[in-house]
Amino acid sequence: DTGVSQDPRHKITKRGQNVTFRCDPISEHNRLYWYRQTLGQGPEFLTYFQNEAQLEKSRLLSDRFSAERPKGSFSTLEIQRTEQGDSAMYLCASSTRVAGGRDEQFFGPGTRLTVL
Amino acid sequence: TQLLEQSPQFLSIQEGENLTVYCNSSSVFSSLQWYRQEPGEGPVLLVTVVTGGEVKKLKRLTFQFGDARKDSSLHITAAQPGDTGLYLCAGAGRGSTLGRLYFGRGTQLTVWP
């Protein structure tokens, strides 16, 4: 399977703990994105990388959140001192430019985080 | 505040019926994408529309991008239970927000046999 993969699929943690999620993009894609989705809402943009450079961060990404893509391949998203409001589905997507200049993003299955 | 408004939010129909889902915004997008999402899974890309007025067909699904590139519609002909899912539209940012997609809240479609 050559799609976007995410690990773990589910994570349950206690408030105040740190968690880290991993995303492996489609191999030839140089862009990688993180989104967060809560119940009844569409995904909300968090941040994106082109190769190893983090080019944009949303205001949703508080200082407790950090994302890395050290070698321009896989990425990690860490949440420190988790809060109950962090409970959500965390989605990763990857893309590369296609004909016409558009940028089609393909999503992974997501990591469902529950903070107790 | 949602940049993209989708309507209706919920749609429950019988197999064989036709339906249209709308995605509206006051903003112009460089492209617009439609996704379908199953419970507990990530969104799956259905189509990308780029040119104002563009119409794309994917079997029984017809997608249209508004002339001003601010709105879009998805029409399904003769819906089937397998069409059940959350349909999301997403607009691609321009200029300084080029990397991000702005999603609507989605339309939850249920097709009964």
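Proteins get letters first, then strands, A, B, ... in listed order; numbering begins at 1 in each. All values derive from a computational prediction rather than experimental measurement.
Using a 4.5 Å cut-off on side-chain heavy atoms (C-beta onward), A:Pro43 and B:Leu101 make no contact. Annotation: side chain of A:Glu104 is in contact with side chain of B:Leu45 (closest heavy-atom distance under 4.5 Å).
When hydrophobic clusters are built by joining Ile, Leu, Val, Met, Phe, Trp and Tyr residues whose side-chain heavy atoms come closer than 4.5 Å, directly or via intermediates, A:Phe74 is not grouped with A:Leu55. A:Tyr33 and A:Leu46 fall into different hydrophobic clusters, where Ile, Leu, Val, Met, Phe, Trp and Tyr side chains are chained together by heavy-atom contacts under 4.5 Å. Follow the hydrophobic side-chain contacts under 4.5 Å out from A:Tyr48 and you never reach A:Ile79; the two are in separate clusters. Under the 4.5 Å side-chain heavy-atom criterion for Ile, Leu, Val, Met, Phe, Trp and Tyr, B:Tyr22 and B:Leu3 are members of distinct hydrophobic clusters. By the criterion of side-chain heavy atoms lying less than 4.5 angstrom apart, applied directly or through intervening Ile, Leu, Val, Met, Phe, Trp or Tyr residues, B:Phe65 is not grouped with B:Val28; the two fall into different hydrophobic clusters.
Among the residues in residues 6-28 of chain A, those with a non-hydrogen atom closer than 4.5 angstrom to a non-hydrogen atom of chain B are A:Arg9. Chain B is approached within less than 4.5 Å, heavy atom to heavy atom, by A:Gly108, A:Pro109 from residues 108-116 of chain A, ordered by number. At a heavy-atom cut-off of under 4.5 Å, chain B is reached by A:Met89, A:Leu91 from residues 80-91 of chain A, listed in order of number.
No side-chain donor-acceptor contact under 3.5 Å links A:Tyr35 to the backbone of B:Arg100.
Looking at residues two or more places apart in sequence or on another chain, you find a side-chain hydrogen bond (donor to acceptor under 3.5 Å, both in side chains) between B:Gln37 and A:Gln37.
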Show your working on side chain to side chain contact (heavy atoms under 4.5 Å, CB included) between A:Phe45 and B:Phe103 and close with a plain yes or no.
CA-CA 9 Å; A:Phe45 172 82; B:Phe103 280 86; over 6 Å; no
